[in-house]
Structure formats: structure tokens, C-alpha cells
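The structure appears right after this line, and notes come after that.
Values in this document were obtained by computation on a predicted structure and should not be read as measured data. The chains referred to below are lettered A, B, ... by the order of the sequence lines, with proteins before strands, and numbering in each begins at 1. For the numbers below, each heavy atom of this structure counts, side chains included, while hydrogens, waters and symmetry mates do not.
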Protein chains: 2
Amino acid sequence: MRKESSTNTLNKENLESNCGMAYAIGILSGRWKLSIIGYLLAHEKLRYGELKRKIEGISERMLISQLKELQSDRLIERIVYPEVPPRVEYKLTEKGRSLDHILTELSRWGKRHYTENTPANAEQR
Amino acid sequence: MRKESSTNTLNKENLESNCGMAYAIGILSGRWKLSIIGYLLAHEKLRYGELKRKIEGISERMLISQLKELQSDRLIERIVYPEVPPRVEYKLTEKGRSLDHILTELSRWGKRHYTENTPANAEQR
DNA sequence: CAGCATCCCTATAGATACTG
DNA sequence: CAGTATCTATAGGGATGCTG
């Protein structure tokens, strides 16, 4: 797994029996990662600034760190154009794109269950 | 979405276009949720103490809170037996179990890509 | 046994200002 | 434009002790 991605971890036992899952989840569950992936699934290529504008609410710090993690996990690719007003584009890698199917299914699952959402113990908190 | 689950959020724009996904991810990305779901997929029914022992490393505080969230999202069901040494069992709901397929695929995806893991910029940090 | 309350520490992420 | 650097607040989560 990543060094200390911290948002989502599975313990050792589960890692052993379920490392694929742990890996997938570890990779996918940063605060904004799925936003980014989602936009890149829709738009093919996006510049840093475009992402920043689309994911309004995210700080530059977060955007960069999430992009770096995604890149380091080889889900996205960073393309630098050596121009004078610098230009950087991000796009999904083959690996990143290969998530499309699963994410679509997950999204479908979500849609299917989103409506029937009657929390059991909503009164808590 | 949940009130302030905070671990994983999608912003408004993305929520609109992708609310199913956001819902799914919001539900699934607590610190230990997938551990719990994983064990319940494997074991059908587990008592509080069993979970605590299996997910060694989790604190009671966390276990309870994750269980509550899962329950409140109707992924798991809490069954209380009115006995004198109290007994509580947790099991997946139909909804929870319906994730099996996707989680299996995700796990498979993870396994497939786990090995070919050569981080692009591992030297960062 | 199952779970809640409290204290407290640390990592995470927000804001802001700066650079190649 | 595309990031970095720093500073700080907050809250997530660990440890501990208590209760029905």
C-alpha cells in the first residue's frame, strides 16, 4: 500500500486475505480522487487549471497532492508541454481507464440504492 | 450523503453528474468499513467481540462508529439478542450483500494491478 | 459482553503568500 | 500557468475507564 495514505486502510489480516481489495481501495479513496477520475473519464484530458476550476472547493495543495498520488499509483498521467506559459495536462492511463467499468457499476449501484435511503438510526449525532 | 463523513467527498458539480458514485463511495470509505464488510461477506454473522478480535488493531470507538455508519447506511444489520450476557450480531443486509459482486471485481482489479506497481514518483515525500 | 464518555494527540487539509 | 512553502485549526482516532 501507500506509505500512510491513512484515509482507508485494511489491517494485516485482511490485507493478506484481501490484498487486491485493499490495494484498490487504498488507491481510490483520497478525498478528491474520484472527482478527479470522474472528470478525466468524462473529459479525456484536462489541464491543472481546468481541474482546479471544475473541482471548485478543492485547494491547490489538495489538488496537487491527489494528482501526485494518482500519478504515483499510475492511474493518471502527467503531460508537461515545454511552453513558456507552462502547460500541464492530466489524463487517465490505461490502468486508470480500466476502472471505468467498475466505477460505472459502482455508480449504478449507488443510484439504485440512493433513493431507498431511509437511515436506520438517523437520529444519532 | 452522510452528514459529514468527511473521508471521501465529491463536490457539488460532481454530485450532480455522478451522485450514484458519490453515494457509493461515501458509504464505503470509512477507515475500516471494507474490513468489516469483507469479514461479513466471508462469515455471514459475526458478534461484536468477534469483529473486534478479527479486525485486531481497531479500537472499540472506531469499531462501533463504523458499525453504526454501516448500519445507518443499511449495509449491515444489527441483531440484539435479549439475553443476560448481552449478545449482538452483525450481518450484511440485502443491500450490503449486493455489493459482493462489485467488491469482488474491484478486488480482482486490485490483484491484477497490484504486482505491476512501479510508482512513477515514489521518491516524493 | 457490548458499548459509551472523556481526554488528548497527531495528521490532514485549509488559507495564504511566494516562485520558476 | 502550475505549482511550493509555511502556518495553523480541526477533527479523526487512540487509550483509558465506566455502565447496563
Per nearest nucleotide of DNA chain C, the residue lying toward the 5' end, A:Ile58 or A:Val84, is A:Ile58

Taken to the nearest whole Å, CD/A:Glu69 to P/D:dG3 is 15 Å

Quick one: which protein N/O atoms are closer than 3.5 Å to N/O atoms of nucleotides 6-8 of chain D? Pair and distance per line, please.
| residue | atom | partner | partner atom | Å |
| --- | --- | --- | --- | --- |
| D:dT6 | O4 | A:Arg61 | NE | 3.4 |

B:Ile64 atom CD1 is separated from D:dA15 atom P, nearest whole Å, by 16 Å

Here the distance between atom C1' of D:dG3 and atom CG of A:Leu51, to the nearest Å, is 13 Å

note: A:Leu63, atom CG; D:dG3, atom P; distance rounded to Å ~ 8 Å

Under a 3.5 Å cutoff, is there a donor and acceptor pairing between the side chains of B:His101 and A:Glu105? yes

Regarding the side chain of B:Ser59, the nearest nucleotide among C:dA2, D:dG14, D:dA2 is D:dG14

From NZ of B:Lys33 across to C1' of D:dG12 the rounded distance in Å is 13 Å

Original post:
So, the side chain of A:Thr104 versus the backbone of A:Asp100: is there a donor-acceptor pair under 3.5 Å, distance only?
Top reply: yes

Margin query: If you count heavy atoms of other groups shown closer than 6.0 angstrom to CD of A:Glu94, is the number above 12?
Written below: no

Under 4.0 angstrom between A:Lys68 side-chain N/O and D:dG3 OP1 or OP2
no

Separation of C:dA11 atom P from A:Met62 atom CE, nearest Å, is 15 Å

Worksheet entry | Hydrophobic cluster membership, B:Val80 vs B:Ile76, 4.5 Å side-chain cutoff | yes

Exercise. Answer yes or no: does a side-chain N or O of A:Tyr90 lie under 4.0 Å from OP1 or OP2 of D:dG3?
Key: yes

Quick one: does A:Tyr23's side chain get under 4.5 Å of B:Arg112's, heavy atoms only?
no

Under a side-chain separation threshold of 4.5 Å, the hydrophobic residues clustered together with A:Ile79 are A:Tyr81

Check this for me: does the side-chain of B:Glu60 come within 3.5 Å of the base of C:dC4 through a donor and an acceptor? yes

Taking C:dC1, D:dC1, C:dG14 as options, the one with an atom nearest any side-chain atom of B:Arg47 is C:dC1

task = Mind checking A:Pro86 for me? I need base, sugar-phosphate or nothing, with any heavy atom below 4.0 Å counting as a touch.
result = base

Atom CD of A:Gln66 and atom C1' of C:dT12 are separated, to the nearest Å, by 11 Å

Residue pairs passing the salt bridge (Lys or Arg N to Asp or Glu O under 4.0 Å) test with at least one member in residues 34-47 of chain A, sequence neighbours excluded, are A:Glu44-A:Arg97, A:Lys45-A:Glu89

A:Glu89 CD to D:dA2 C1', in whole Å, measures 13 Å

